[in-house]
Novice: 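What follows is a structure written as structure tokens; I'll ask about it next.
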Number of protein chains: 2
Amino acid sequence: MASIREVAKLAQVSPATVSRVMNGTAKVDEQKKRRVLEAIEETGFVPNEVARSLFKKSAKLIGLILPSIENPFFAQLAGAIERKADKHGYRLVLCNTGSNVEKERAAMQMLMSMNADGIILTTSNDEIREYTAKCNIPVIVTDRSFSGSDALKYVHCNHYQGGRMAAEHLISCGCKNIVCIKGPQEISSAKDRYQGYKDICQEKGIKEQTMECAYDFNEGMRVTEKLLEEYKDVDGIIACNDMVAISAYKVLIRNNIQVPKQVKLIGFDDIALSKLMTPALTTISQPVEEIGAKAAELIIFRDESTKQEYIYEAKLVERETTR
Amino acid sequence: MASIREVAKLAQVSPATVSRVMNGTAKVDEQKKRRVLEAIEETGFVPNEVARSLFKKSAKLIGLILPSIENPFFAQLAGAIERKADKHGYRLVLCNTGSNVEKERAAMQMLMSMNADGIILTTSNDEIREYTAKCNIPVIVTDRSFSGSDALKYVHCNHYQGGRMAAEHLISCGCKNIVCIKGPQEISSAKDRYQGYKDICQEKGIKEQTMECAYDFNEGMRVTEKLLEEYKDVDGIIACNDMVAISAYKVLIRNNIQVPKQVKLIGFDDIALSKLMTPALTTISQPVEEIGAKAAELIIFRDESTKQEYIYEAKLVERETTR
DNA sequence: TTTTCTTGTGAAACCCGTTTCAAATCTGTT
DNA sequence: AACAGATTTGAAACGGGTTTCACAAGAAAA
């Protein structure tokens, strides 16, 4: 690969001039400019991003630290972030952590030493804060929130309100016996959703009935089996996310329970498969495109405002499992 | 962030010695070693990967160029690659292209200028070969294949055999009237799967009946509607992938056609949702974990062999849509 | 014509970890 | 004690694009 010095020699100018032509950082004599452009063409020169990044202390890189890219919701989030990043010439470095703090820390450190311009992090381990405090690049937490008086910024959906909407919707569908399969309570979004459901129960004087379940298919089926034993006359289920809702559906059918006739079912996230399953899943949708775009923007445009939290409204998407 | 020179000063040694302590590239006096380690601890020094990469001409980076990370199959593939890469200290740079050649080219160029160690590419645009030819880093094509006498390597599943298996399975389930919804024929995997089906038809003296469909939910539904009009007495459908199979199922149910009783349905890929949908989808599964791992390994271990193609066997996963 | 202000340009320093090479120190031998 | 051989160590160069700074050349003002 040709270097800037070779191009300079060929064009009979200095490397500085080549750099100025490429970046338009200063006016260059038309003749020389043409010679440089020709030399670049001839050598097929492409500036080395690493050298550039070493000097500029910016690699035009955004670190994306996720529990798992295989989770459809996170894949969608990654897609949204990638679109915005690509549009502005930034690239994504993907790190899966399985929610392991040690891996999260290692990834953050690595990203910093790579001169990444910022980190988008989805985690619930608030111990990571000891680390993010030392970060000299912006760290944006998405989907979750454990806000404190630190330098983190948060971009997420109003999960609490989503939880309320889910409960209200089932009630308006005539459910008298709602069970909430809440997600792992150390995950803030799961907690918020649950809190929304809980508050509605209190407001309406409804008995609170819950199960707890990890974000996992098998776990979802296991928990639903247990749910059916414990709450024989359940007629509405709020699942902590669409994956769990889909597993719950499977178990309901296996037990000859008709959906939505006997039991109404609602999930969260509106992953692509939700509208595709049969019957289509009613769910609380997150504006994932906006969330991803905002997170990316905060890094790309070096947001200096003191606003710490960006919250988006959830939306009920009524489909067949509650009709 | 502290630099190696600051650490050196603090430990009263030269930067070279600090480097040697960190990398174990040469023996260092025990006393000095201890002083260096202490200085590193005290300053919280983390070596700058960019500087290292500039000199080493390797950024410990694997470029991953995909049509879309939102496609569950590619997300799974990305997960598999990430696991293997992470294990060996490599990171992934994610580029979505929407199958746009121009974006693919831009991504490859960028990755090369970032000193990436290799590129894993999923594309069907064989014009890209003009570009890959100029690549001085290994390029591994996954899932697809348009092999020629170039420097590319291919890692994929035996789609042809998968196509045969799908057809044979439906026949063995007693289907007399199979329709194959083939994928876009410019995609080699889609072509191979279709060819497998076609050959079985010939071998068994069955009439070939096909539709063509993009890998897209809406497209899948539209095409299935049309299929039902054209082939009134269809009793078996081979969908080009699981996404399309799931959409097909939706349309079948909407038309009061029972699956698997009246029509048996089989997909390809075995994405996570396939076993989760109700009824669970019979599908031809790809060993995606192995495919991803192999692709990553070829880069990480700088495979020098002349073997150009690594092919894995597909596997029938029999579930409820054909029982 | 001389002075002053622009403007274009290249040499060199810079970013920072790694490696080379030669000097310095230490070991062991005679 | 003196010397050959082995081992440690630091100064400096390196990778490659960017930027500073000072000089040169041309333009405008006096």
Novice: Need one value for Val18(A): base, sugar-phosphate or nothing, where a base atom within 4.0 Å counts as base even if backbone is also close, heavy atoms only.
Specialist: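 Since no nucleic acid heavy atom lies under 4.0 Å of Val18(A), the category is nothing.
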Novice: With a 4.0 Å limit, can you tell me whether Ser3(A) has a side-chain N or O closer than that to the phosphate oxygens OP1/OP2 of dG16(D)?
Specialist: no
Novice: Measure the distance from CZ on Phe45(A) to P on dG15(D) and round it to the nearest whole Å.
Specialist: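 Between P of dG15(D) and CZ of Phe45(A): 15 Å.
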Novice: Using whole Å, what does the distance between atom P of nucleotide dC21(C) and atom CZ of Arg20(B) come to?
Specialist: 13 Å
Novice: Round to the nearest Å and state the distance from Lys32(B) atom NZ to dA24(C) atom P.
Specialist: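 Lys32(B) atom NZ is separated from dA24(C) atom P by 14 Å.
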Novice: Can you tell me if Asn48(B) uses its side chain to pair, donor with acceptor, with the backbone of Ala51(B) under 3.5 Å?
Specialist: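 It does hold such a pair.
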Novice: Between Thr25(B) and Leu54(B), name the one whose nearest nucleotide on DNA chain C is closer to the 5' end.
Specialist: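 That would be Leu54(B).
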Novice: Gln31(B) has an atom CD; how far is it from atom C1' of dT9(D), in whole Å?
Specialist: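 Those two atoms, CD and C1', are 15 Å apart.
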Novice: Choose from dA11(D), dG10(C), dC16(C) the nucleotide whose nearest atom is closest to any side-chain atom of Ala16(B).
Specialist: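 Of dA11(D), dG10(C), dC16(C), dA11(D) is nearest to the side chain of Ala16(B).
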Novice: Under the 3.5 angstrom rule, does the side chain of Asp29(B) hit a backbone N or O of Gln31(B) as a donor-acceptor pair?
Specialist: yes
Novice: Answer yes or no for Lys57(A) and Phe55(A): cation-pi contact, defined as NZ/CZ to six-membered ring centre under 6.0 Å and angle to ring axis within 45°.
Specialist: no
Novice: What is the ring orientation for His156(B) with Tyr154(B), classed by angle as parallel under 30°, tilted 30 to 60°, or perpendicular over 60°?
Specialist: perpendicular
Novice: Which ones in residues 4-14 of chain B lie close to DNA chain C, meaning a heavy atom under 4.0 Å from one of its atoms?
Specialist: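 Residues of residues 4-14 of chain B under 4.0 Å from DNA chain C: Ile4(B), Arg5(B).
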Novice: Side-chain N or O of Thr17(A) less than 4.0 angstrom from OP1 or OP2 on dT9(C)?
Specialist: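 No.
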Novice: Could you check whether any side-chain heavy atom of Phe301(A) comes within less than 4.5 Å of a side-chain heavy atom of Asp303(A), counting everything from C-beta outward?
Specialist: no
Novice: I need the NZ-C1' distance between Lys60(A) and dG17(D), as an integer number of Å.
Specialist: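 Whole-Å distance recorded here is 15 Å.
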Novice: Whole angstroms only, please: what is the CE-C1' distance between Met110(B) and dG17(D)?
Specialist: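 For the pair Met110(B) CE and dG17(D) C1', the rounded distance is 14 Å.
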Novice: Is there a side-chain contact between Asn23(B) and the phosphate of dT18(C), meaning an N or O under 4.0 Å from OP1 or OP2?
Specialist: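 For dT18(C), OP1 or OP2 has a side-chain N or O of Asn23(B) closer than 4.0 Å.
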Novice: Between Thr123(B) and Asn125(B), is there a side-chain donor-acceptor contact under 3.5 Å, judged purely by atom types and distance?
Specialist: yes
Novice: Taking the side chain of Ser19(A) as heavy atoms from C-beta outward, which of dT19(D), dT9(D), dG16(D) is closest to it?
Specialist: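 The answer is dT19(D).
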Novice: Just by distance, with hydrogens left out, do Thr142(B) and Thr122(B) show a side-chain donor and acceptor under 3.5 Å apart?
Specialist: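 The criterion, which ignores hydrogens and geometry beyond distance, is satisfied for Thr122(B) and Thr142(B).
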Novice: Tell me the interatomic distance from Met22(A), atom CE, to dG17(D), atom P, rounded to whole angstroms.
Specialist: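 Rounding to the nearest Å, CE of Met22(A) and P of dG17(D) are 7 Å apart.
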Novice: Which whole-number value in Å describes the distance from Arg52(A) CZ to dC16(C) P?
Specialist: 18 Å
Novice: May I ask you to verify if any side-chain N or O of Lys33(B) is less than 4.0 angstrom from the OP1 or OP2 atom of dT8(D)?
Specialist: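 Negative; the distance criterion is not met.
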Novice: At less than 4.0 Å, is any side-chain N or O atom of Lys57(B) found next to OP1 or OP2 of dG16(D)? Yes or no.
Specialist: yes
